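All of these numbers come straight from a predicted model, not from anything done at the bench. Positions are given from 1 along the sequence. In each ligand, atom 1 is the first atom listed, and ligand 1 is the first ligand listed.
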Amino acid sequence: MPTPAHRTIAPADLSPADFYQYLIGAVAPRPIAFASTISAAGLVNLSPYSFFNVMSMDPPILVFSPTSRGRDNSAKDTLQNVREVPEVVIHICDYALVEQLSLASAEYPAGVNEFVKAGLTEATSNQVRPPRVAECPAAFECVVEQIIELGDAPGHGNLVICRVVRAHFREDILLAGKPGVDPLKFEAVSRLGGDWYSRLRPENLFTVARPNRQLGIGFDGLPPHIRESNILTGNDLARLANVEREALPTPAQIAAARTEPLVAYLLNKHRADPAEQQKQLALLAQQWLAEGRVQEAWRVLLIDLS
Ligand SMILES: Cc1cc2nc3c(=O)[nH]c(=O)nc-3n(C[C@H](O)[C@H](O)[C@H](O)COP(=O)(O)O)c2cc1C
């Protein structure tokens, strides 16, 4: 496969604002933390942050980053609040809440409660002082363990490291009978570049088989006629390469594959043209790989056409 052309950029070649457009466009989709905080004086704030993720299982750690304001390098209210009261409730919103989440990102003056502006309901948290958004499908009450300033220029990040002490999940998004959230029932929204968002939808979800614990043969173990096929894609080859050597088809299985009606038909139809036979078998294998029939794909790909 030919390698595609790339544009190479040094951050210093562009203004920070222009390079940022590449950062947020490419690092996407980003989950969004809807963060509720409170000042020492008791004023509540609620704002979204897509510089956000989970960073540790034990302890359970979430991080997010309010950048300093580009216009005057001042600290956003959320950052000011967690410096005063090192506690936060981090919520995850679904599609039904995305416009209210966006409304809460408006730069209201410090002291304006975005719960009120965005029409959301305050629920008392169990372990921390900031209130929780009752409408959100998932919420994590956290104590702030550390704040790391990532620079001093306008727009520098401030990494807020948060340890989860309580979590709340709307019952209908949970998996039945085992721990966890059901991706088919949780329409989480996330952020891309520009004004773009994305939304989890069942039709966009798929699973990928984990790498074989027995260790698959890898791309370098694929026979050249398979690895160099101009039909099979990188995803197809990776599925084939995830099979361990001991599980590859035996000569008897390959011989049996040759006599399967569809395979026999294709071989017979193109008997005068081995290149076409190979192409047809690759297309059949590709279809089977898409259906998860990896062993059957291997069998037809190993048929000797010489
Ligand atoms: C979806 C979304 C994601 C955002 N992510 C961030 C972010 O990661 N960091 C940041 O500093 N601002 C981010 N913003 C902008 C802040 O939400 C915005 O500056 C807000 O007014 C800050 O509020 P505060 O000053 O009350 O804390 C985001 C806005 C939206 C709508």
Side-chain angles (χ1 to χ4, degrees), residues 16-17 19-55 62-120 122 129-131 133 135-138 140 142 144 147-162 187-200:
F19 192 69
Y20 172 72
Q21 296 306 323
Y22 290 92
L23 279 176
I24 61 170
V27 184
R30 295 181 306 287
I32 305 170
F34 201 19
S36 160
T37 56
I38 195 165
S39 70
L43 301 171
V44 167
N45 190 280
L46 181 65
S47 300
Y49 291 94
S50 71
F51 292 174
F52 164 60
N53 224 304
V54 52
M55 287 293 142
L62 301 176
V63 298
F64 71 101
S65 174
T67 59
S68 72
R69 293 195 181 96
R71 59 172 185 273
D72 58 5
N73 205 13
S74 61
K76 292 186 176 173
D77 300 338
T78 302
L79 180 62
Q80 200 49 47
N81 282 356
V82 291
R83 282 179 175 149
E84 294 177 16
V85 176
E87 297 176 346
V88 55
V89 186
I90 293 180
H91 308 79
I92 313 293
C93 289
D94 57 10
Y95 181 71
L97 291 166
V98 69
E99 295 283 348
Q100 284 166 285
L101 167 140
S102 172
L103 195 54
S105 76
E107 287 270 348
Y108 291 108
V112 169
N113 181 342
E114 286 91 357
F115 275 87
V116 176
K117 287 289 168 204
L120 295 163
E122 290 186 22
R129 281 162 281 181
V133 181
E135 288 84 354
C136 284
F140 299 94
C142 303
V144 173
I147 301 171
I148 302 175
E149 277 188 57
L150 301 175
D152 51 21
H156 70 270
N158 296 274
L159 193 65
V160 183
I161 302 180
C162 312
E187 272 198 11
V189 286
S190 45
R191 191 81 155 107
L192 297 83
D195 288 339
W196 292 96
Y197 287 73
S198 65
R199 156 191 193 182
L200 275 187

Specify the protein heavy atom at minimum distance from [atom]: its residue, its atom name, and the distance to 0.1 Å.
atom                    : value
atom 12 (N) of ligand 1 : Lys76 NZ, 2.9 Å
atom 23 (O) of ligand 1 : Ser47 OG, 2.8 Å
atom 27 (O) of ligand 1 : Thr78 OG1, 2.6 Å
atom 22 (C) of ligand 1 : Tyr49 OH, 3.5 Å

Side-chain heavy-atom pair [X], [Y] within 4.5 angstrom cut-off:
X      : Y      : result
Cys93  : Ile32  : no
Glu122 : Asn113 : yes
Phe51  : Ile24  : yes
Leu62  : Cys142 : yes
Phe52  : Arg30  : no
Gln100 : Glu135 : no
Val112 : Asp77  : no

Does [X] have a non-hydrogen atom less than 4.0 Å from ligand 1?
X      : value
Ala33  : no
Phe64  : no
Glu114 : yes
Arg30  : no

What atoms in ligand 1 come closer than 4.0 Å to a heavy atom of [X]?
X      : result
Pro66  : 11 (O)
Arg191 : 1 (C), 2 (C), 3 (C)
Arg69  : 25 (O)
Ser65  : 7 (C), 8 (O), 9 (N), 10 (C), 11 (O)
Ile32  : 1 (C)
Asp77  : 24 (P), 25 (O), 26 (O), 27 (O)
Ala106 : 21 (O)

(request) From atom 21 (O) of ligand 1, work out which of Gly111, Ser105, Gly157 has a heavy atom at the shortest distance. (result)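 Minimum heavy-atom distance to atom 21 (O) of ligand 1 goes to Ser105.
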(request) From atom 13 (C) of ligand 1, work out which of Pro48, Ala104, Ser50, Gly70 has a heavy atom at the shortest distance. (result)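 Heavy atom nearest to atom 13 (C) of ligand 1 belongs to Pro48.
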(message) I need the contact type for Asn45 against ligand 1. Using non-hydrogen atoms and a strict under-4.0 Å cut-off, is it side chain, backbone, both or neither?
(response)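 Side chain only; the backbone of Asn45 stays clear of ligand 1.
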(request) Please state which part of Ala110 comes within less than 4.0 Å of ligand 1, counting heavy atoms only: side chain, backbone, both or neither. (result)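 Neither; nothing of Ala110 gets under 4.0 Å from ligand 1.
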(request) State whether a side-chain donor-acceptor pair under 3.5 Å links Ser198 with Ser190. (result)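 Yes, side-chain donor-acceptor contact under 3.5 Å.
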(message) If we ignore hydrogens and angles and just use 3.5 Å, is the side chain of Asn45 paired with the main-chain N or O of Thr37 as donor and acceptor?
(response)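 It does not hold such a pair.
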(request) List the atom of Ile90, the atom of Cys162, and the distance in Å for their closest heavy-atom pair. (result)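 Closest approach of Ile90 to Cys162, heavy atoms only: CD1-SG, 4.1 Å.
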(request) Before giving the answer on side chain to side chain contact (heavy atoms under 4.5 Å, CB included), spell out for Glu114 and Val44 the whole-Å C-alpha distance, their side-chain angles and the decisive distance to 0.1 Å. (result) CA-CA 8 Å; Glu114 286 91 357; Val44 167; over 6 Å; no
(request) Please say whether Phe51 places an N or O atom under 3.5 Å from an N or O atom belonging to ligand 1. (result)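 In this structure, Phe51 places an N or O atom under 3.5 Å from an N or O of ligand 1.
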(message) Please report whether ligand 1 has a polar contact with Tyr197, defined as an N or O pair separated by less than 3.5 Å (distance criterion only).
(response)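 No; the residue has no nitrogen or oxygen that sits under 3.5 Å from a nitrogen or oxygen of the ligand.
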(message) Show, in sequence, the C-alpha distance, side-chain angles and deciding distance for Asn73 and His156, and conclude whether the side chain to side chain contact (heavy atoms under 4.5 Å, CB included) test is met.
(response) CA-CA 8 Å; Asn73 205 13; His156 70 270; 3.4 Å; yes
(message) Over 60° means perpendicular and under 30° means parallel, so tell me whether Tyr49 and Phe64 are parallel, tilted or perpendicular.
(response)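 Aromatic pair Tyr49/Phe64 classed tilted.
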